[in-house]
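A short write-up of the structure that comes next.
Convention: sequence-line order gives letters A, B, ...; per-chain numbering from 1.
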Protein chains: 2
Amino acid sequence: MPLAHDAPTRLAVSTVIFALRPDSVGRPVLWTPLVRRTREPQRGFWALPGGWLPPNEELEVAAARTLRSTTGLAPKYLEQLYTFGEVDRSPEARVVSVVYWALVQSDEAARATAGPNVRWVPADTLPELAFDHNRIIEYALWRLRNKVEYAQIAHSFLGETFTLAELREVYEAVLQRSLDPANFRRQMIASGRLRETGERLAGAPHRPPKLYRYDTSAATAESREPFMRERPAS
Amino acid sequence: MPLAHDAPTRLAVSTVIFALRPDSVGRPVLWTPLVRRTREPQRGFWALPGGWLPPNEELEVAAARTLRSTTGLAPKYLEQLYTFGEVDRSPEARVVSVVYWALVQSDEAARATAGPNVRWVPADTLPELAFDHNRIIEYALWRLRNKVEYAQIAHSFLGETFTLAELREVYEAVLQRSLDPANFRRQMIASGRLRETGERLAGAPHRPPKLYRYDTSAATAESREPFMRERPAS
DNA sequence: GCAAAAGTGTTTAGCGTACACCCATGT
DNA sequence: ACATGGGTGTACGCTAAACACTTTTGC
């Protein structure tokens with residue numbers, strides 16, 4: 001079915017947002033917030049947070065604003081994912097969506113705003129979503145799991161300081177497999193991007209672990225990608 | 001300077017095209033075709049091939065069509081690169097460009113159409129281009145050089161059959177360093193994606209090398225990325 | 001036979017994995 | 001003291017890099 005010849009192509013920005021939340025057994029797994037569509041087309045279906053691109057707003061800023069308005073949070077990591085533009089991905093009008101993906105701090109996400117039209121769901125067991133949004137989230141998951149293996153982004157789920165065990169739990173949750181604590185420690189230290197804070201986390205009935213901080217200035221030239229900012233727009 | 005409030009955001013598709021051509025010393029290096037802008041803004045400057053997105057055309061098809069109209073060629077590899085949408089990247093109007101990158105067969109590119117408004121230039125020593133196109137090509141180069149190291153795309157510069165020496169020359173030209181022929185051979189064979197044709201390339205004053213063919217069906221599930229097609233749209 | 005590139009064999013170094021073991025704290 | 005996770009040491013296996021060596025052609 002051809003589109004109306006006078007309908008202009010519309011440009012939207014959407015964001016796939018990831019945070020870690022405990023599942024029913026208490027182990028952290030990936031969750032993502034969705035919004036309920038309140039108008040046609042696809043009214044009532046859950047969809048990615050997003051909206052039309054304002055003429056004077058940067059793409060990345062639009063993604064961050066969307067994130068903030070649906071979760072109340074600021075992204076700790078934000079990157080362009082892909083642009084989806086199939087002619088038939090939305091009925092009636094041609095819609096090209098520039099999609100971003102974001103990581104937010106998990107303990108903040110636990111207290112994130114939610115309402116009747118915002119719902120967090122486990123990213124690996126999605127319901128049927130509006131448009132091609134299932135496919136988009138699956139692609140974002142693929143990218144996240146790939147990128148965690150070679151880029152230092154896992155700390156974006158955590159706060160300013162963290163223990164190596166906490167960091168390892170993030171990797172294990174994202175990659176869905178357990179990692180050797182001893183080797184994990186050495187790999188992280190060898191990367192040269194962790195700085196000891198000098199403090200330890202006390203209170204547990206065992207040896208108190210050191211607290212680390214991610215060193216943003218230690219990113220080497222080889223590993224740096226174009227267009228990557230230290231602080232995403234908010 | 002704010003944009004006119006009634007000017008809609010426009011959507012364009014551009015393509016960074018790479019082929020290998022001999023430099024002055026005869027060694028293959030990366031070249032890319034540019035088109036001269038014949039209207040304002042930036043009239044007279046060289047720019048990436050591209051144009052406005054037709055309402056009923058797929059993004060990838062638009063990229064392939066652009067490629068064909070400027071070079072007369074069909075892409076052997078075509079992938080979305082990034083979407084550039086900075087508010088001020090084009091004067092007067094907000095333009096969001098979905099940029100693709102493509103690899104074309106080098107011996108075909110040698111006979112490619114060129115005219116007063118199409119020029120091939122070495123990709124590593126670009127003149128000053130229109131808009132942000134210098135930055136776009138530099139990013140495409142970065143992506144190409146990264147991806148060649150972990151994905152099997154180098155054969156896209158070659159014809160149906162090729163020798164391991166020819167394939168190695170592609171890698172050397174893209175990565176700008178020489179590779180050990182013995183180890184290169186073993187790595188390629190070990191990848192399991194090359195098939196012997198049973199033929200050899202005769203005529204040179206030395207032992208005739210075997211001819212190989214790239215086996216598209218041998219791509220494993222682990223290495224496959226979403227949205228990758230065997231045959232790009234043309 | 002000789003030159004030159006194709007193709008094979010072998011050694012070494014680095015790195016990730018597996019796992020044994022010691023350390024430090026709260027109870 | 002002891003249980004528990006933090007943290008260290010070490011051996012193994014795989015792979016890439018380096019390079020010596022053999023093979024096969026045209027001249």
Side-chain angles (χ1 to χ4, degrees), chain A residues 26-28 145-152 154-155 158 161-213 220 222-223, chain B residues 26-28 145-152 154-155 158 161-213 220 222-223:
Chain A
R27 295 199 316 204
R145 293 190 161 126
N146 265 274
K147 194 144 190 173
V148 156
E149 295 196 289
Y150 68 88
Q152 306 261 138
H155 63 92
L158 302 172
T161 64
F162 47 85
T163 69
L164 281 166
E166 288 168 341
L167 188 60
R168 179 167 49 82
E169 278 167 18
V170 172
Y171 276 83
E172 290 178 337
V174 172
L175 298 177
Q176 296 179 305
R177 60 189 169 92
S178 57
L179 301 172
D180 184 301
N183 297 326
F184 180 81
R185 158 184 309 279
R186 270 184 293 253
Q187 287 169 16
M188 289 299 113
I189 299 300
S191 78
R193 288 200 178 78
L194 296 186
R195 295 281 166 265
E196 294 189 12
T197 62
E199 307 202 333
R200 288 169 178 273
L201 189 63
H206 53 74
R207 177 170 173 176
K210 290 180 182 174
L211 282 168
Y212 291 85
R213 180 189 314 281
T220 61
E222 298 92 65
S223 70
Chain B
R27 293 199 315 204
R145 293 193 161 123
N146 265 274
K147 194 145 190 172
V148 156
E149 296 196 289
Y150 68 88
Q152 305 261 137
H155 64 93
L158 302 172
T161 64
F162 46 86
T163 68
L164 281 167
E166 288 168 340
L167 188 60
R168 179 167 49 82
E169 279 167 17
V170 172
Y171 275 83
E172 290 179 337
V174 172
L175 298 176
Q176 296 179 304
R177 60 192 170 90
S178 58
L179 300 173
D180 184 300
N183 296 328
F184 180 81
R185 158 183 309 279
R186 272 183 292 252
Q187 286 171 16
M188 289 300 114
I189 299 300
S191 78
R193 288 199 179 78
L194 297 185
R195 294 280 167 266
E196 294 189 13
T197 63
E199 307 202 330
R200 289 171 178 274
L201 188 63
H206 53 73
R207 178 171 172 174
K210 290 179 181 173
L211 282 169
Y212 291 85
R213 181 189 314 281
T220 61
E222 299 90 66
S223 71

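- Between A:Arg186 atom CZ and C:dG14 atom C1' there is a gap of 15 Å when expressed in whole angstrom units.
- A straight line from CD1 of A:Ile189 to P of D:dG7 spans 9 Å, rounded to a whole angstrom.
- The aromatic rings of A:His155 and A:Phe162 lie parallel to each other, their planes meeting at an angle below 30°, with 60° marking the opposite boundary.
- OP1 or OP2 of D:dA17 has at least one side-chain nitrogen or oxygen of B:Gln187 nearer than 4.0 Å.
- Put simply, A:Arg185 has a side-chain N or O that comes within less than 4.0 Å of OP1 or OP2 on D:dG7.
- Atom CD of B:Gln176 is surrounded by more than 12 heavy atoms from other residues, nucleotides or ligands within 6.0 Å.
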Secondary-structure string, 5' to 3', Watson-Crick or G-U under 3.5 Å, | for another-strand partners, for DNA chain C: |||||||||||||||||||||||||||
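- Rounded to an integer number of Å, the gap from A:Leu179 CG to D:dG7 P is 17 Å.
- Between B:Lys210 and A:Gly203, the residue anchored nearer the 5' end of DNA chain C, judged by the nucleotide with its closest heavy atom, is B:Lys210.
- In this structure, the CE atom of A:Met188 is 14 Å from the C1' atom of C:dC15, given to the nearest Å.
- Within the 3.5 Å criterion, the main-chain N or O of A:Gly192 finds a donor-acceptor partner in the side chain of A:Arg195.
- Nucleic acid contact class of B:Ala202 (heavy atoms, under 4.0 Å, all strands): none.
- Of the residues near DNA chain C, A:Arg177 and A:Arg200, the one whose nearest nucleotide (by heavy atom distance) lies more toward the 5' end is A:Arg177.
- Formation of a donor-acceptor pair under 3.5 Å by the B:Arg193 side chain with backbone atoms of B:Met188 is not found in this model.
- The distance from atom CG of A:Asn183 to atom C1' of D:dG7 is 12 Å, rounded to the nearest whole Å.
- If you measure from atom CZ of B:Arg207 to atom C1' of D:dT24, you get 5 Å, rounded to the nearest angstrom.
- Separating the CG atom of A:Leu167 from the P atom of D:dG6 is a distance of 12 Å, rounded to the nearest angstrom.
- Under a cut-off of 6.0 angstrom, the local environment of CZ in B:Arg27 is sparse, with at most 12 non-hydrogen atoms contributed by other residues, nucleotides or ligands.
- Residue A:Glu149 contributes atom CD, which lies 13 Å from atom C1' of C:dG16 at whole-angstrom precision.
- Along DNA chain D, the nucleotide closest to A:Leu164 and the one closest to A:His206 are compared, and the more 5′ of them pairs with A:His206.
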